[in-house]
Amino acid sequence: EEWFEQIPAGKLVCLQTNDYFSNPQHVNCVNNVQEAVEKYPFSQLIYSGELETPEYNRFMLLGIK
């Protein structure tokens, strides 16, 4: 997660990931939204959510790093 670590503290960050492990282009998958929250530590988490699609679930996080 080098790219996340390089974001300065205090910055607003919006990110999304998913659980589409079977797609080789999706290289940053997690199993659920809680795993995404743990993977990307925010000093203040403003929003976390999930969108179910026919093929996978998309996880969204918005917060202050």
Side-chain angles (χ1 to χ4, degrees):
E1 310 336 315
E2 186 177 325
W3 66 270
F4 186 78
E5 293 170 6
Q6 292 180 16
I7 298 171
K11 293 292 183 179
L12 178 66
V13 178
C14 181
L15 62 85
Q16 60 184 5
T17 185
N18 60 59
D19 61 1
Y20 198 8
F21 290 95
S22 63
N23 184 328
Q25 294 178 329
H26 290 220
V27 297
N28 195 27
C29 297
V30 294
N31 291 298
N32 53 54
V33 72
Q34 183 57 40
E35 189 176 322
V37 169
E38 293 169 7
K39 187 174 185 177
Y40 301 106
F42 289 92
S43 64
Q44 178 185 359
L45 184 62
I46 298 168
Y47 173 81
S48 66
E50 180 177 340
L51 175 67
E52 293 183 36
T53 73
E55 294 188 60
Y56 58 88
N57 297 306
R58 179 172 304 279
F59 312 117
M60 297 151 281
L61 302 177
L62 173 66
I64 305 297
K65 178 160 185 265

Original post:
Is a side-chain donor or acceptor of Asn57 paired with a backbone partner of Asp19 at a separation under 3.5 angstrom?
Top reply: no

Original post:
Shortest non-hydrogen contact from Glu35 to Asn31?
Top reply: OE1-ND2, 3.0 Å

Subject >> Pairwise side-chain contact, Gln44 with Ile46, heavy-atom cut-off 4.5 Å (strictly under) >> reply: yes

**OP:** Look up atom OG1 in Thr17 and atom NE2 in His26, then write down how far apart they are to the nearest 0.5 Å.
**Re:** 9.0 Å

Original post:
With respect to Phe42, which candidate in Ile64, Leu12, Val13 satisfies the side chain to side chain contact (heavy atoms under 4.5 Å, CB included) definition?
Top reply: Val13

Original post:
For the hydrophobic clusters of this structure (ILVMFWY residues joined by side-chain heavy atoms under 4.5 Å, transitively), does one cluster hold both Phe21 and Leu15?
Top reply: no

Original post:
So, do Phe4 and Lys65 sit near enough that their side-chain heavy atoms are less than 4.5 Å apart?
Top reply: yes

Original post:
Would Tyr20 end up clustered with Phe59 when hydrophobic side chains under 4.5 Å apart are linked, directly or stepwise?
Top reply: no

Original post:
What is the minimum heavy-atom distance between Lys39 and Val30, and which atoms define it?
Top reply: CD-CG1, 3.8 Å

**OP:** Taking the side chain as every heavy atom from C-beta outward, state whether Asn18 and Cys29 have any pair of such atoms under 4.5 Å apart.
**Re:** yes

**OP:** With the side chain counted from C-beta on, respond yes when Glu55 and Asn23 share a heavy-atom pair under 4.5 Å apart, and no when they do not.
**Re:** no

**OP:** Tell me, with the steps shown, if Leu51 and Gln16 meet side-chain contact (heavy atoms from CB on, under 4.5 Å).
**Re:** CA-CA 10 Å; Leu51 175 67; Gln16 60 184 5; over 6 Å; no

Original post:
Is it the case that one hydrophobic cluster holds both Leu61 and Val27, taking links as side-chain heavy atoms less than 4.5 Å apart, direct or via other members?
Top reply: no

Original post:
If two hydrophobic side chains count as joined below 4.5 Å and joins carry through other members, does Leu62 share a cluster with Met60?
Top reply: yes

Subject >> Joint hydrophobic cluster, Ile7 plus Tyr47, side-chain heavy atoms closer than 4.5 Å >> reply: no

